[in-house]
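To start, the structure itself, in structure tokens.
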Amino acid sequence: MHRTGLGFDVHPLVPGRPLVLGGIAIPSPLGLKGHSDADVLCHALSDGLLAAAGLGDIGTLFPAGNPAYMGADSSALLLQVVRMVRERDWRISWASVVVQAQTPRLAPWHRAVKTNLEVLLGCGCNLTFKHGEGVDDAGRALAMYCWCTVDLEGEPNIF
Ligand code: MG
């Protein structure tokens with residue numbers, strides 16, 4: 001059986017916050033604002049995995065109001081989701097990830113982020129960085145968006 005899950009996330013881009021993408025800390029005068037480390041990429045991937053496995057969403061699993069997740073390392077939360085999916089006899093086979101960010105320039109970090117995602121997910125992935133072209137909040141460097149699909153293979157007895 002094959003399943004695809006769609007994940008999406010957005011966080012405001014603000015001064016004075018660290019920028020963490022796919023578990024990699026990227027030097028930048030602007031970072032992502034959120035209750036956790038606001039790693040928009042790990043959040044979208046967690047939601048994509050949960051969607052594919054029919055397990056809900058990270059907002060329910062790791063509520064933002066819970067102080068336990070204040071400043072949380074979202075790559076650790078993603079690993080928890082990976083474990084949940086595998087425990088249900090799914091194999092993660094592929095992830096396709098698109099990040100939209102006007103600034104900072106992310107291209108020099110492409111290899112590091114992609115490699116870390118592959119380690120976290122235990123599978124190959126394609127990572128695309130898009131500029132905002134001045135359009136929308138991403139284009140005006142007010143936010144970062146991430147979309148992804150995640151593919152699962154398996155024969156679990158859970159629907
Ligand atoms: Mg988020």
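For ligands, and for the atoms within them, numbers begin at 1 and follow the listed sequence. Only this structure's heavy atoms are used, side chains among them; waters, hydrogens and symmetry mates stay out.
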Please determine whether side chain to side chain donor-acceptor pair (under 3.5 Å) holds for the pair Gln102 and His131, giving the CA-CA distance in whole Å, both sets of side-chain angles, and the decisive distance to 0.1 Å. CA-CA 5 Å; Gln102 186 69 38; His131 288 287; 4.6 Å; no
If the condition is side-chain contact (heavy atoms from CB on, under 4.5 Å), which residues does Met84 pass it with, not counting sequence neighbours?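 With sequence neighbours excluded, Met84 shows a side-chain contact (heavy atoms from CB on, under 4.5 Å) to Leu50, Leu55, Leu61, Arg88, given in chain and number order.
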Listed pairs under 3.5 Å, donor-acceptor, residues 5-29 side chains, sequence neighbours left out:
from: Asp9; atom 1: OD2; to: His11; atom 2: NE2; distance (Å): 3.1
from: Asp9; atom 1: OD2; to: His43; atom 2: ND1; distance (Å): 3.1
from: His11; atom 1: ND1; to: Lys33; atom 2: O; distance (Å): 2.8
from: His11; atom 1: NE2; to: His43; atom 2: ND1; distance (Å): 3.2
from: Arg17; atom 1: NE; to: Leu32; atom 2: O; distance (Å): 2.8
from: Arg17; atom 1: NH2; to: Leu32; atom 2: O; distance (Å): 3.2
from: Arg17; atom 1: NH2; to: Gly34; atom 2: O; distance (Å): 3.4
from: Arg17; atom 1: NH2; to: Ser36; atom 2: O; distance (Å): 3.0
from: Ser28; atom 1: OG; to: Leu30; atom 2: N; distance (Å): 3.0
from: Ser28; atom 1: OG; to: Leu30; atom 2: O; distance (Å): 2.5

Listing by chain and number, which protein N, O or S atoms are under 2.8 Å from the Mg ion (ligand 1)?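 Counting only protein N, O or S atoms under 2.8 Å from the Mg ion (ligand 1), the list reads Asp9 OD2, His11 NE2, His43 ND1.
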Can you list the residues that meet the ring-ring contact (aromatic ring centres under 6.0 Å, His included) rule with His110, with sequence neighbours excluded?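 His110 satisfies ring-ring contact (aromatic ring centres under 6.0 Å, His included) with Phe129 only.
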Decide whether Asp37 and Ser74 meet the rule of one side-chain donor and one side-chain acceptor closer than 3.5 Å.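 There is such a pair between these side chains.
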May I ask you to decide whether Glu87 forms a salt bridge with Arg83, counting only side-chain N to carboxylate O separations under 4.0 Å?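 Between Arg83 and Glu87 there is no salt bridge, as every charged N stays at least 4.0 Å from the carboxylate O atoms.
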